2 protein chains.
Amino acid sequence: MRNVTIVHVAEKARVSVKTVSRVVNNEPTVTPELRERVQAAIDQLGYAPNIAARRLGGGRSFLIVAFNDRKLTLENWASDRGNNWIDRMQYGAMLRCDVHGYHLLCELIDLESGQLARRVQHVLSTLRPDGVILTPPNCEDPTVLEALKRAQIPFVRMGSAQAGPGARVRMDDQAAARRLTEHLVELGHRRVGFVTGSARFLASRAREDGYRAALAAAGLPVDETLLVPGDFTFEGGVAAAEALLPRPDRPTAILAGNDETALAVMHVARRLDIAIPGDLSLATFDDTPSVRLSLPPLTTVRQPVAEMAAQAVDLLVAAAAKDGKLSRADNLLPFELALRASTAPPR
Amino acid sequence: MRNVTIVHVAEKARVSVKTVSRVVNNEPTVTPELRERVQAAIDQLGYAPNIAARRLGGGRSFLIVAFNDRKLTLENWASDRGNNWIDRMQYGAMLRCDVHGYHLLCELIDLESGQLARRVQHVLSTLRPDGVILTPPNCEDPTVLEALKRAQIPFVRMGSAQAGPGARVRMDDQAAARRLTEHLVELGHRRVGFVTGSARFLASRAREDGYRAALAAAGLPVDETLLVPGDFTFEGGVAAAEALLPRPDRPTAILAGNDETALAVMHVARRLDIAIPGDLSLATFDDTPSVRLSLPPLTTVRQPVAEMAAQAVDLLVAAAAKDGKLSRADNLLPFELALRASTAPPR
DNA sequence: AGATAGTAAGACATCGTTGTCAAAGATTCG
DNA sequence: CGAATCTTTGACAACGATGTCTTACTATCT
């Protein structure tokens, strides 16, 4: 009973293979009676259409490729930094692919490699996916975008603050930073520090804008010396915290560019015997497990990464089912503020 | 220049398509001169063989499927529990697939579903992968194993303490638990508690055996009341800690079944004002990011998950390249002890 | 009733590779 | 030197689905 093909089903149901194909693909022009007979044969034989043959036959590939940044992924998985943005993306995409009968392939690309265009093109032409999901910072790389466009494969850019080709799915980073800053201001903080994110990501810039906007709206001056560059790494966060915390006029609250940075701030604060939230309020972005289980748990903005990925898949599958054309829409998903014990009114 | 196929390459190099195929697959019977000409054509056209056609042509699929437990994955990714075992598996497998020109597909299966056998069979027959990687607890499920065997697809079971079909790649859980316990005993601890792992995983049992063996070897009695069942979750860890820590004769050290359990113990200890490592030493398994960045960082056994996955891929690719037969070997990889600030001599 | 239009089902070519087998050319051997 | 063997290359079928086109039948209209 190995290798059941469409021919076996056709024989068993006493119809042509084309009719079986029609039933499998839910095409309308099949009489209910035949449809039922075919379905019964499919169930009895345990038939599942072969994805390779489907693709070759001129149809869809039922494959979606997610291009992730190699360096980021390495940091994420190899050194266990706990940035699980990519994991959550994958989770959301995978669950949704399952629903549509699709399969998700994760491929790593290295933006700094000289082979970048070649690599992207190679992956696309071996796999010929029905759609591609790009995550930061790939989704803002001109070489990658160009390669995708030339291959004429629909793609969705996730979490990109930049307008451009393909569809977009993201949260409003600026609004999120603004809300977070407002929260601190509402608690009574007047001096709020900000450890900025990596310049490789446009979202970092958007977060900074939100921070500035919130302060401006509250009528508070922006003390430029309270803005310290971070790079999304633990070490960067330590350096930034060491610049901010020993100051006599240190801020009463700090907004960290991401969770890892925040944990670094916590470590430095602990070393300097600065209590959180007693002496210092701390808020951050991303809401990874480390900051939910930390002592104290941190106030964060929860980015709906899985939901974004799910929507990306929906868009791509819909495009593939239709005409392969994808609208260039910009889909904004709502974020969530998780208020936890790390933020409190200043002493 | 879209959709470059083997025919285009053949025309450009003025050879038959079969010869191009030979060059692409590194078959020996091609003269160096022709090989070079063909390679030049491939490079110039940017040709990449279509995976679907390859599979259909009777060859390999260049696909490896990893079956992960749906529930675990959901906990891992959705609720951000920080169990990144699966992530690290994926990371190791993906990097290695890349080297071999393979692609990794992650599929979720639900052991509790009545459709389990059907689901596995369905995935295998649509994708027809060259090999399958099973992670706990799937790798010990008879239904899954049976379905794999029937499909005659080579598979590797990762991290399984159980003998059985297919190849195995794992670390020695018992030895790891033993080493960790020995470390605590060497520090001078005489009363070592153990929050056991989930009974769904045979490895939990092996860890308990290692714990007992270490105590026995040190001539210490096993106080059964110091063995508390956990289930690998934070809540389970809290319950266990609440059973162990308020006791007047509480242990001076605790071995946690996994990192999440350990974090739970930390939270309870903090609440009860029990200092770590001053009043209580704490050691655990897995070495996820949360416990490296926690305060204090925890002593753990580092499981070589990525390396295990890489080896699994190597085994599967080698089998596919040869005759599709996979040896039933049991490959043990060395673990690593990460000694950190959470363990110290008792007061 | 006959012509027309519309619908359901099937025949057949096709996608891009690899496996099989045959042919051509090179080499070895008696 | 001719036959036998080995090596290199190519022709062609096959894989398992879908797209296109055709055919057979049914319903509709005049």
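Quick caveat: nothing in here was measured; it's all calculated off a predicted structure. Throughout, protein chains are lettered first and strands after them, A, B, ... in sequence-line order, and every chain is numbered starting at 1. FYI, side chains are in, hydrogens and waters are out, and symmetry mates aren't considered; it's all heavy atoms of this structure.
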* Atom pair CG (A:Leu111) and CZ (A:Arg70), whose distance is rounded to the nearest 0.5 Å -> 11.5 Å

* Structure fact -> CG of A:Leu127 to CD1 of B:Ile51, rounded to nearest 0.5 Å, is 5.0 Å

Shortest side-chain distance from [X], nucleotide among [options]:
X: B:Ser16; options: D:dG19, D:dA17, D:dA11; answer: D:dA11
X: B:Ile6; options: D:dG16, D:dT18, C:dT17; answer: C:dT17
X: A:Lys18; options: C:dT17, D:dG16, D:dT18; answer: D:dT18
X: A:Glu27; options: C:dT17, D:dG19, D:dA17; answer: D:dG19
X: B:Thr31; options: C:dT17, D:dG16, D:dT8; answer: D:dT8
X: A:Pro49; options: D:dA17, D:dT9, C:dG10; answer: D:dA17

* Structure fact -> Comparing A:Asn50 with B:Leu34, nearest DNA chain D nucleotide closer to 5' gives the residue B:Leu34

* Asked: Under 4.0 Å between a side-chain N/O of A:Ser21 and OP1 or OP2 of D:dT18, yes or no?
  -> yes

* Asked: Is the distance from OP1 or OP2 of C:dA9 to the nearest side-chain N or O of A:Thr19 less than 4.0 Å?
  -> no

* To do: Determine whether the side chains of A:Tyr102 and A:Arg96 contain a donor N or O and an acceptor N or O closer than 3.5 Å.
  => no

* Asked: Any side-chain donor-acceptor pair under 3.5 Å between B:Asp98 and B:His103?
  ->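 Note: B:Asp98 and B:His103 side chains miss the donor-acceptor criterion.
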
How would you label the contact of [X] with the nucleic acid (heavy atoms, under 4.0 Å): base, sugar-phosphate, or nothing?
X: B:Tyr47; value: sugar-phosphate
X: B:Val30; value: sugar-phosphate
X: A:Val15; value: sugar-phosphate

* What about A:Arg55, does its side chain sit under 3.5 Å from the base of C:dG16 through a donor-acceptor pair? -> no

